[in-house]
Amino acid sequence: MAGLSLKNVYKVYAGRNTQKKGLIKTIKALFKKSEQQTPSVEKRSGNFVAVKDFNMEIEDGEFIVFVGPSGCGKSTTLRMIAGLEDISSGELYVDGKLMNDVDPKDRNMAMVFQSYALYPQMTAQQIIEFALKLRKIPEEKKDTDGNPVLETDKKKIKELTKKIKTIEKQLQKADGQQSAEELSAHKQQLEADLKYYSETPVQAYTYRHMTKEEISAKVRWAAKILNIEELLDNKPAEMSGGQRQRVALGRAMVRDPKVFLLDEPLSNLDAKLRTTMRSEIVKLHNELKTTFIYVTHDQIEAMTMGTRIVVMKLGVVQQIDTPTNLYDYPENKFVAGFIGTPQMNFFDVTAVRNGKKLSVTFTNGGKAEFNLDKLRKINEEYLDGNEHRLTLGVRGESISVSEKQIENSVPVTLSVKEVLGNVTQLFFKLDGEENDYVISVPGRSTFGEGGLLYISFSEKNIHLFDAETEQSVMGRQTGNK
């Protein structure tokens with residue numbers, strides 16, 4: 001088990017004709033622009049920025065979910081954690097140890113891929129135990145009297161020597177004074193570490209392969225937890241998608257990794273099986289109490305599985321929070337629209353303070369007034385008595401609908417009705433607009449399509465975003481002065 005720390009992590013893919021010089025300039029330029037709030041994908045000298053200034057502290061045993069649309073950088077971030085992608089800039093720590101230059105095999109992380117990557121010629125048992133047969137486990141070296149044997153760590157000395165030689169080569173090609181200074185400082189730190197390990201004896205270890213009994217016990221343990229004991233003699237072609245997924249999880253479990261990395265592992269399954277496997281993975285996390293980092297584009301998976309969720313867009317982290325906080329207090333319009341089913345409704349409005357009320361005017365001329373003491377706290381600059389262009393966001397379940405006009409209701413036209421059994425979704429339009437908005441009402445509805453209805457909003461569930469920056473202009477506490 002392990003805690004992770006990602007500090008100012010960037011991933012920049014060099015363009016086809018781009019020299020290293022252009023790559024370094026891109027990263028420096030991005031650092032200078034880090035104060036800008038508008039997320040963007042930067043292209044400089046042919047370079048492509050896939051992940052921009054990723055910062056996060058992950059506690060030991062957390063279930064973290066990276067979520068966002070395709071191309072947002074979530075899988076790239078996961079691969080950088082695994083060591084399958086180099087970190088262009090920034091630092092990755094696991095239990096306080098810098099991991100940037102550590103080989104993937106030495107990070108003690110297990111990854112479950114979207115494609116499962118099972119060996120077709122092997123049985124489930126052979127697949128699960130394959131890595132264990134190759135693995136060597138350390139044992140403390142002791143003398144004949146049973147006392148610990150202390151030696152210099154030759155493996156560490158060799159590793160540090162190799163890194164120093166690499167930096168010396170980089171120094172010869174260093175571009176600019178700042179780059180040379182950073183490399184020199186890194187070299188000095190490595191030389192200090194080398195001096196320490198060369199002069200300081202530490203506990204010596206011998207390494208051995210696991211016995212057949214140890215391997216068999218591990219496989220049986222994983223198979224029992226995953227309920228695949230009867231599948232151990234089957235090959236992948238004889239299994240369903242869910243069974244293959246369990247085998248892939250078993251292969252990762254037996255390694256006793258510090259961190260589980262899962263890259264959209266359920267995307268190839270049908271909807272019903274995805275729901276089942278979703279709960280199975282949560283149970284597995286509760287059983288193992290190990291750090292899980294899970295990538296998905298499905299916000300329902302994210303909401304139901306994660307202890308915390310990282311919402312990403314165009315390589316930039318939009319918000320890191322618990323599922324309920326993301327739903328109740330989105331920090332910008334993108335998060336508000338991405339989290340929640342059906343998607344939040346967004347209305348372009350102008351708003352002005354009118355005493356103890358906030359007067360809102362919709363594009364069709366409809367008006368509504370909300371009590372400021374019932375709304376979440378609004379930034380003072382938007383309550384100065386002047387009109388402000390805002391986006392009013394409200395979820396479908398927070399909209400009331402009636403056939404009769406009541407105070408603060410807005411007239412709309414019902415365009416489509418979808419009966420889902422336990423809930424009915426009503427799609428409506430404002431006069432003069434082409435956009436469809438949605439209301440979720442429990443049970444069945446007798447409203448006819450094409451009819452005139454009146455909607456009103458639950459004040460405590462209203463969200464307001466700046467029309468230009470798309471950032472929320474509300475806090476989390478209720479009430480305004």
Side-chain angles (χ1 to χ4, degrees), residues 33-40 311 313-314 316-319 321 325-340 342-401 405-412 428-439 454-481:
K33 291 184 64 179
S34 61
E35 68 277 4
Q36 292 186 359
Q37 293 188 2
T38 305
S40 63
V311 183
K313 176 187 178 185
L314 299 177
V316 179
V317 173
Q318 303 294 302
Q319 187 173 346
D321 219 324
N325 281 344
L326 285 176
Y327 191 86
D328 294 337
Y329 310 114
E331 292 182 359
N332 58 47
K333 184 179 175 182
F334 174 79
V335 175
F338 195 84
I339 299 296
Q343 179 177 304
M344 181 183 287
N345 300 294
F346 296 109
F347 301 90
D348 294 328
V349 300
T350 55
V352 61
R353 179 170 189 163
N354 184 13
K356 293 185 177 181
K357 293 182 180 291
L358 185 71
S359 179
V360 172
T361 303
F362 294 83
T363 54
N364 68 342
K367 293 181 180 290
E369 286 193 328
F370 305 115
N371 293 318
L372 285 170
D373 58 351
K374 292 183 180 180
L375 295 175
R376 292 185 3 244
K377 186 172 178 59
I378 301 172
N379 297 347
E380 290 294 333
E381 61 190 279
Y382 297 93
L383 298 178
D384 58 3
N386 298 317
E387 280 194 351
H388 295 275
R389 289 179 55 248
L390 298 173
T391 299
L392 186 152
V394 61
R395 301 193 186 277
E397 66 269 21
S398 300
I399 301 178
S400 301
V401 59
Q405 187 170 15
I406 58 175
E407 185 180 3
N408 285 328
S409 63
V410 178
V412 298
F428 64 91
K429 296 180 184 294
L430 293 176
D431 291 343
E433 284 196 14
E434 293 298 321
N435 297 333
D436 270 323
Y437 305 96
V438 62
I439 305 171
Y454 297 90
I455 61 171
S456 54
F457 306 113
S458 170
E459 290 170 311
K460 66 178 182 178
N461 296 317
I462 283 176
H463 304 266
L464 294 172
F465 306 94
D466 187 278
E468 293 185 5
T469 67
E470 297 189 349
Q471 297 296 307
S472 174
V473 303
M474 307 182 82
R476 297 191 178 187
Q477 302 300 320
T478 301
N480 291 272
K481 295 180 180 179

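We number each residue from 1, following the sequence as shown.
- With Arg476 contributing its side chain and Asn325 its backbone, the two residues share no donor-acceptor pair below 3.5 Å.
- For the side chain to side chain donor-acceptor pair (under 3.5 Å) test, no residue two or more places apart in sequence or in another chain qualifies with Thr350.
- For Lys377, the salt bridge (Lys or Arg N to Asp or Glu O under 4.0 Å) partners two or more places apart in sequence, or in a different chain, are Glu380.
- Note that the CG atom of Asn345 and the CD1 atom of Ile399 stand 4.5 Å from one another [nearest 0.5 Å].
- With rounding to the nearest 0.5 Å, the separation of CG in Asn480 from CG in Leu358 is 8.5 Å.
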Evaluate the criterion side chain to side chain contact (heavy atoms under 4.5 Å, CB included) for residue pair Tyr454 and Ile406; output intermediate values, then yes/no. CA-CA 8 Å; Tyr454 297 90; Ile406 58 175; 5.8 Å; no

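- Rounding to the nearest 0.5 Å places CE of Met344 at 11.5 Å from OG1 of Thr391.
- A donor-acceptor pair under 3.5 Å is formed between the side chain of Asp384 and the backbone N or O of Asn386.
- In this structure, the side chains of Asn379 and Met474 stay at 4.5 Å or more apart for every pair of heavy atoms.
- Taking each heavy atom of Gly337 and Phe346 in turn, the nearest pair found is N-CZ, 3.7 Å.
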Review point. What's the verdict on side chain to side chain contact (heavy atoms under 4.5 Å, CB included) for Leu392 and Phe370, showing C-alpha distance, side-chain angles and the deciding distance?
Key: CA-CA 12 Å; Leu392 186 152; Phe370 305 115; 4.0 Å; yes

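- Atom CD of Gln477 is surrounded by 12 or fewer heavy atoms from other residues, nucleotides or ligands within 6.0 Å.
- When atom types are taken as modelled, the side chain of Asp466 and the backbone of Thr469 share a donor-acceptor pair closer than 3.5 angstrom.
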Would you mind writing out the side-chain donor-acceptor pairs for residues 328-336 within the sub-3.5 Å range, not counting sequence neighbours?
unit_1: Asn332; atom_1: OD1; unit_2: Phe334; atom_2: N; d: 3.1
unit_1: Asn332; atom_1: OD1; unit_2: Val335; atom_2: N; d: 2.9
unit_1: Asn332; atom_1: ND2; unit_2: Gln318; atom_2: OE1; d: 3.1

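- For the atom pair CG of Asn461 and CZ of Arg376, the computed distance is 9.0 Å after rounding to the nearest 0.5 Å.
- Scanning all heavy atoms of the two residues, the minimum distance from Leu390 to Ala351 falls at CD1-CB, 3.7 Å.
- Nearest heavy-atom pair, Lys374 versus Thr478, reported as atom, atom and distance to 0.1 Å: O-CG2, 3.6 Å.
- The distance from atom CZ of Phe338 to atom CD of Gln319, rounded to the nearest 0.5 Å, is 13.0 Å.
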Step-by-step side chain to side chain contact (heavy atoms under 4.5 Å, CB included) determination, Val352 to His388: CA-CA 6 Å; Val352 61; His388 295 275; over 6 Å; no

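- Considering only heavy atoms from C-beta on, Glu459 comes within 4.5 Å of Asn371 through its side chain.
- Lys367 contributes atom NZ, which lies 3.0 Å from atom OG1 of Thr361 (distance to the nearest 0.5 angstrom).
- Note: Tyr437 and Phe347 have parallel aromatic rings, judged against thresholds of 30 and 60 degrees for the angle between ring planes.
- The backbone N or O of Ala368 sits nowhere less than 3.5 Å from a side-chain atom of Asn408 that would complete a donor-acceptor pair.
- Side chains of Lys429 and Asn435: a donor-acceptor N/O pair is absent below 3.5 angstrom, by distance only.
- A distance-only check finds no donor-acceptor pair linking the side chain of Glu433 to the backbone of Asn364 [under 3.5 Å].
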